[in-house]
Amino acid sequence: MAPIASKLYTDDVSLVVLLLDTNPYFWTSSSSSSLSFSHFISHVLSFVNSILLLNQLNQVVIIATGHNTCGYIYDSSLSSVSSSISANESSGDAKMPAFCSEVLKSLEDFVKNDESLSSVDAGNGVGSSLLSGSLSMALCYVQRVFRTGPLHPQPRILCLHGSPDGPEQYVAVMNSIFSAQRSMVPVDSCVIGAQHSAFLQQASYITGGVYLKPQYLDGLFQYLSTVFATDLHSRKFIQLPKPVGVDFRASCFCHKNTIDMGYICSVCLSIFCMPHKKCSTCGSEYGQAQSDASTLSGFYTFVAR
Ligand SMILES: [Zn+2]
Ligand SMILES: [Zn+2]
């Protein structure tokens with residue numbers, strides 16, 4: 001007979017790390033007009049509740065992705081209030097599950113703190129949010145869970161993201177994506193902004209997660225519950241949205257611009273938008289740019305002398 005512990009953690013027990021975009025520049029911009037932040041949070045809370053109800057061993061961790069900082073908002077394994085069914089009687093709001101007020105309280109503290117750090121203006125348009133930071137925090141958390149022993153819930157990361165990609169975060173985001181791929185942690189993406197996110201398209205494609213940009217945001221909970229609530233084991237048996245196309249463009253290391261064509265260092269694979277005499281990353285000195293097979297992918301290779 002199998003020991004009890006191994007029966008507890010079957011393949012359908014999930015650890016969902018939820019990354020919430022709280023970037024104030026995004027939520028006050030016109031691109032989020034079809035969904036307000038409060039509606040967004042109510043959809044998310046219902047979704048978190050349903051995951052916790054699906055299996056009593058399921059675990060949810062919420063990380064806020066702000067404009068300047070990231071922070072842990074909620075961890076169901078540490079939460080003092082146990083069941084999501086128990087109503088919060090102390091606050092007098094009998095309709096709201098106790099964990100919701102806990103999440104809202106920490107979210108409010110986080111947003112206030114994030115706002116107070118905004119010394120520089122976002123400039124023109126909507127500033128990006130710190131996706132690379134929250135992805136790293138999520139992966140650190142997952143690594144910690146992995147190290148608790150062979151019996152742990154199946155982790156996955158879900159990014160609820162609306163802000164445009166910050167090209168200056170390209171290297172950090174790609175490193176996180178490859179780290180997630182290595183740890184076999186799928187990164188699911190639900191894009192709630194006006195534009196597709198090339199970062200998240202690549203993240204979901206590379207890690208085997210699901211990428212979705214819902215058409216009607218007022219039904220966000222339906223998308224979340226039908227697509228993203230499914231545990232990794234059950235995903236084999238259902239039809240999930242297929243990616244329509246992935247934007248594989250990279251950002252150059254010199255100006256952080258998104259480029260279609262560029263130059264790549266043959267030593268460290270750094271990407272540049274213009275020829276350089278020396279690689280700014282690894283210091284290799286270049287000879288003449290060679291156009292070899294890698295030109296097919298739109299890149300000229302610089303061969304170090
Ligand atoms: Zn450049
Ligand atoms: Zn280099």
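Side chains included, hydrogens not; waters and symmetry mates left out as well; all remaining heavy atoms used. Order of appearance sets the numbers: ligands from 1, and atoms from 1 within every ligand.
- The Zn ion (ligand 1) is closest to atom ND1 of His255 (considering only N, O or S atoms).
- Remark: at the Zn ion (ligand 2), atom SG from Cys268 and atom SG from Cys282 enclose 110°, rounded to the nearest 10 degrees.
- To the nearest 0.5 Å, the span separating NE2 on His43 from CG on Leu160 amounts to 11.0 Å.
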Which atom pairs, one a donor and one an acceptor, fall under 3.5 Å between side chains of residues 142-151 and the rest of the protein, sequence neighbours left out?
residue, atom, partner, partner atom, Å
Gln143, NE2, Ser183, OG, 3.1
Thr148, OG1, Val145, O, 2.4

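- Checked by atom type, the side-chain pair Ser189/Ser204 shows a donor-acceptor distance below 3.5 Å.
- Under 4.0 Å is where a charged nitrogen must lie from a carboxylate oxygen, and between Arg249 and Asp165 no such pair does.
- Rounding to 10 degrees, one finds that the Zn ion (ligand 1) sits at the corner of an angle of 110° between Cys273 SG and Cys254 SG.
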